[in-house]
Amino acid sequence: MNNKRLLIIDDDRELTELLTEYLGGEGFEVECCHDGISGLSRAYDKGIDLILLDVMMPELNGFEVLKALGGNHQTPVLMLTAKGDDTDRVLGLELGADDYLAKPFHHRELLARIKAILRRIDIIRDNHEPVALVKVNEVELNHATRQVCCHGQPLELTGTEYQILTYLMEHHGTIVSKETLSELVLGRKLSPFDRSIDMHVSNIRRKLLPASDQDKIKTIRGAGYIFLSGESLT
């Protein structure tokens, strides 16, 4: 976990100073930006391993930063939202955030979330897939290039969306629970009323639909999701 670079975009200077000291003590390299414009500029740096993004900021707010990054950014984003504000959380996930944490938070909870996200990224990078190309029901994943196509049309997915779609396709025709997706992809147990997985799957569906008039992912109430097999080839 050492030498991982974190970018904190938050206008609360007292908080960023505390987080810089704490996370620095945990072996991270931490950089801070205190407004959305400078934060967005630094967010494009491919050397950044994780972005901690506050919602309420001057110049550009957190949602505007996410919109500017676009839905295909590969650097994971952990949104810092107001406690109990479900609207902010849902919107952040819709715009491509990987996860969220409500303020005020305990520093150990933040560290656990950061480690879970980075652990997932490391597993992805270290996992040399024996099958570089997976095609199920006219959706194609190219693990070598991390490109996704639906009926021949390229799609733009975030890193989290890509991993969820990969797992669903690799287990096509069978039910995959939300609990499984949360633990394997988000790196944490699913908590009551947590809609993170729902929102990520909704984003995937929305991105698939323009290329196909048929749903590829079926929701099984109380159980999870099934990626519909159709004619499959792996």
Side-chain angles (χ1 to χ4, degrees), residues 1-13 15-55 57-81 92-93 95-101 105 107-129 132 141-148 154-166 185-188 200 203:
M1 198 67 67
N2 290 336
N3 299 320
K4 294 292 187 181
R5 295 178 61 195
L6 308 181
L7 173 63
I8 303 176
I9 308 176
D10 193 318
D11 65 332
D12 186 336
R13 292 178 182 271
L15 175 62
T16 57
E17 287 177 6
L18 291 172
L19 291 180
T20 298
E21 181 178 356
Y22 172 66
L23 295 172
E26 294 293 331
F28 295 99
E29 295 181 19
V30 183
E31 179 179 349
C32 299
C33 294
H34 298 105
D35 65 81
I37 292 178
S38 62
L40 177 61
S41 177
R42 294 297 298 127
Y44 288 115
D45 186 341
K46 294 185 182 298
I48 300 296
D49 294 293
L50 174 66
I51 300 169
L52 305 180
L53 179 62
D54 186 33
V55 172
M57 290 184 298
E59 307 296 342
L60 291 177
N61 64 37
F63 300 134
E64 291 169 326
V65 171
L66 276 177
K67 288 178 182 178
L69 284 173
N72 64 333
H73 61 88
Q74 292 301 308
T75 304
V77 176
L78 176 59
M79 291 288 291
L80 304 178
T81 68
L93 293 171
L95 292 174
D98 293 77
D99 204 353
Y100 59 79
L101 187 60
F105 49 78
H107 61 281
R108 290 189 178 180
E109 173 66 12
L110 174 64
L111 181 61
R113 292 290 183 96
I114 290 172
K115 287 184 174 180
I117 294 173
L118 293 177
R119 190 181 304 117
R120 171 176 62 82
I121 297 300
D122 284 340
I123 290 173
I124 294 169
R125 289 172 178 170
D126 295 340
N127 184 20
H128 302 289
E129 298 285 347
L141 302 178
N142 188 326
H143 290 311
T145 61
R146 295 185 62 78
Q147 291 183 329
V148 183
L155 307 179
E156 295 183 345
L157 301 184
T158 67
T160 297
E161 292 164 2
Y162 182 90
Q163 289 308 305
I164 290 175
L165 181 59
T166 295
V185 178
L186 298 184
R188 58 182 170 82
H200 288 307
N203 288 344

Do [X] and [Y] have side-chain heavy atoms sitting under 4.5 Å apart?
X: F28; Y: I114; answer: yes
X: H200; Y: V185; answer: no
X: L23; Y: L111; answer: yes
X: V30; Y: L19; answer: no
X: L18; Y: H107; answer: no
X: M79; Y: L53; answer: yes
X: L101; Y: L52; answer: no

Any donor-acceptor pair under 3.5 Å from [X] side chain to [Y] backbone:
X: E64; Y: N61; value: yes
X: D49; Y: L6; value: no
X: N203; Y: L93; value: yes

Spatial distance of atom [atom1] ([X]) from atom [atom2] ([Y]) [nearest 0.5 Å]:
X: E26; Y: R108; atom1: CD; atom2: CZ; value: 9.0 Å
X: I9; Y: C33; atom1: CD1; atom2: SG; value: 6.0 Å
X: M57; Y: I37; atom1: CE; atom2: CD1; value: 10.5 Å
X: L80; Y: I8; atom1: CG; atom2: CD1; value: 8.5 Å
X: E31; Y: T20; atom1: CD; atom2: OG1; value: 10.0 Å
X: L40; Y: D35; atom1: CG; atom2: CG; value: 10.0 Å

Considering residues at least two apart in sequence or located in another chain, which fulfil the salt bridge (Lys or Arg N to Asp or Glu O under 4.0 Å) criterion with [X]?
X: D12; answer: none
X: E109; answer: R113
X: D45; answer: R5, R42

Nearest heavy atoms of [X] and [Y], plus distance in Å:
X: L69; Y: A43; result: CD2-CB, 4.0 Å
X: G92; Y: L66; result: O-CD1, 3.6 Å
X: C32; Y: T16; result: SG-CB, 3.8 Å
X: T158; Y: G96; result: CG2-O, 3.7 Å
X: R146; Y: Y162; result: NH2-CD2, 3.3 Å
X: I117; Y: P76; result: CG2-CB, 3.5 Å

Report summary line: Those residues at least two apart in sequence (or on a different chain) that pass side chain to side chain contact (heavy atoms under 4.5 Å, CB included) with L155 are V148, C150, L208
Requested in this report: Go through the structure and list residues passing side chain to side chain contact (heavy atoms under 4.5 Å, CB included) with E17, not counting sequence neighbours.
Outcome: none
Requested in this report: Mind checking ring pair (Phe, Tyr, Trp, His ring centres under 6.0 Å) for Y44 and listing every partner two or more places apart, or none if nothing turns up?
Outcome: none
Report task. Using the side-chain contact (heavy atoms from CB on, under 4.5 Å) rule, take L78 and L110 through it: C-alpha gap first, then chi angles, then the decisive distance, then the call. Result -> CA-CA 9 Å; L78 176 59; L110 174 64; 3.8 Å; yes
